[in-house]
Amino acid sequence: MTKIVSVHSFRGGTGKSNTSANIAAQLAAAGKRVAVVDTDVQSPGIHVFFGFTEDIPGKTLNDFLFGTGTVTEAAHDVTATLTASGATVAPGGALYLVPSSMKAGDIARVLRQGYDVELLNEGFRTLNKDLGLDYLVIDTHPGLNEETLLSITISD
């Protein structure tokens, strides 16, 4: 059964993304199958820790939330970033990143329209099943809203 870890703070700039990235990387290096999801769709940033720039190639969490891709398509295998940084990954270890879009239009759409929080929960279940995860790490948006309450509620 997948363990779910949410990293949350009521304020921005406290190190949530840094902590989420480090927890995920350490678990993957220990041989676990891990996905880290950037649910801070209003101000994403964890992608930087895994070598992505503003122009994230392929699908993002936003594509899934707005019906233009699956959540599994948005899961980028970033295991190689661990070995490139000198870390050793134990057999079986894998790290996936589900980034949020950095495109201004995508962020504005989320701010304007919001998204279905239950769909996000469904996406978490799908990732766990499709990727055979040991751990799901959720990097949350600061403050309290439906998404952060969901993340906290489903966490181990």
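Ile23 meets the side-chain contact (heavy atoms from CB on, under 4.5 Å) test with Val7, Thr19, Leu27, Val137; sequence neighbours excluded. With sequence neighbours excluded, the residues satisfying side-chain hydrogen bond (donor to acceptor under 3.5 Å, both in side chains) with Thr72 are Asp130. Residues that satisfy the side-chain contact (heavy atoms from CB on, under 4.5 Å) test with Val41, not counting sequence neighbours, are Leu61, Asn62, Leu65, Ser100, Val110, Tyr115. Legend: residues meeting side-chain contact (heavy atoms from CB on, under 4.5 Å) with Glu73, ordered by chain and number and at least two apart, are Lys59, Thr70. His141 meets the ring pair (Phe, Tyr, Trp, His ring centres under 6.0 Å) test with no other residue; sequence neighbours excluded. For Asp77, the side-chain hydrogen bond (donor to acceptor under 3.5 Å, both in side chains) criterion is met by Thr79, not counting sequence neighbours. For Thr14, the side-chain hydrogen bond (donor to acceptor under 3.5 Å, both in side chains) partners two or more places apart in sequence, or in a different chain, are Ser9.
The stretch residues 22-51 participates, sequence neighbours left out, in no ring pair (Phe, Tyr, Trp, His ring centres under 6.0 Å) pair at all. Counting only residues at least two apart or in different chains, ring pair (Phe, Tyr, Trp, His ring centres under 6.0 Å) contacts with residues 64-98 comprise Phe52-His76. Applying the salt bridge (charged side-chain N to carboxylate O under 4.0 Å, His left out) definition to pairs two or more places apart or across chains, those involving residues 94-122 are Glu118-Arg125. Judged as a ring pair (Phe, Tyr, Trp, His ring centres under 6.0 Å), not a single pair has a partner in residues 21-41 (not counting sequence neighbours).
The closest donor-acceptor contact from the side chain of Arg33 to the backbone of Leu131 lies under 3.5 Å. With Ser6 contributing its side chain and Ser151 its backbone, the two residues share a donor-acceptor pair below 3.5 Å. Asp38 places no side-chain N or O within 3.5 Å of a backbone atom of Pro44 that could act as its donor or acceptor partner. The backbone N or O of Leu95 sits nowhere less than 3.5 Å from a side-chain atom of Lys32 that would complete a donor-acceptor pair.
Hydrophobic cluster membership differs between Val98 and Val34, with clusters built from Ile, Leu, Val, Met, Phe, Trp and Tyr side chains linked at under 4.5 angstrom. Hydrophobic clustering keeps Val48 apart from Val78 (ILVMFWY residues linked when any side-chain heavy atoms are closer than 4.5 Å, directly or through intermediates). When the side chains of ILVMFWY residues are joined at heavy-atom separations under 4.5 Å, either directly or via intervening members, Val71 and Val37 end up in a single hydrophobic cluster. With hydrophobic clusters built from ILVMFWY side chains whose heavy atoms lie under 4.5 angstrom apart, Tyr135 shares a cluster with Val36.
A pairwise comparison of heavy atoms in Lys16 and Thr140 identifies CE-O, 3.4 Å as the closest pair. The nearest pair of heavy atoms linking Ala94 to Ala28 is O-CB, 3.6 Å. Closest approach of Pro142 and Asp40 over heavy atoms only: CD-OD2, 3.7 Å.
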*Residues Ile46, Ser20; criterion side chain to side chain contact (heavy atoms under 4.5 Å, CB included); working and verdict*: CA-CA 8 Å; Ile46 198 168; Ser20 298; 3.8 Å; yes
*Going through the checks in order, is the side-chain hydrogen bond (donor to acceptor under 3.5 Å, both in side chains) test met by Thr60 and Ser101?*
CA-CA 6 Å; Thr60 65; Ser101 175; 4.7 Å; no
_Under the criterion side chain to side chain contact (heavy atoms under 4.5 Å, CB included), I'd like the reasoning laid out for Leu133 against Leu127: C-alpha separation, chi angles, the key distance, then a yes or no._
CA-CA 7 Å; Leu133 299 176; Leu127 279 175; 4.2 Å; yes
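In the hydrophobic clustering, where aliphatic and aromatic side chains (Ile, Leu, Val, Met, Phe, Trp, Tyr) are joined below 4.5 Å either directly or transitively, Ile152 stands alone.
Of the residues Asn128, Asp156, Asp134, the one that meets the side chain to side chain contact (heavy atoms under 4.5 Å, CB included) test with Thr2 is Asn128.
Put simply, the side chain of Val89 reaches to within 4.5 Å of the side chain of Thr83, judged on heavy atoms.
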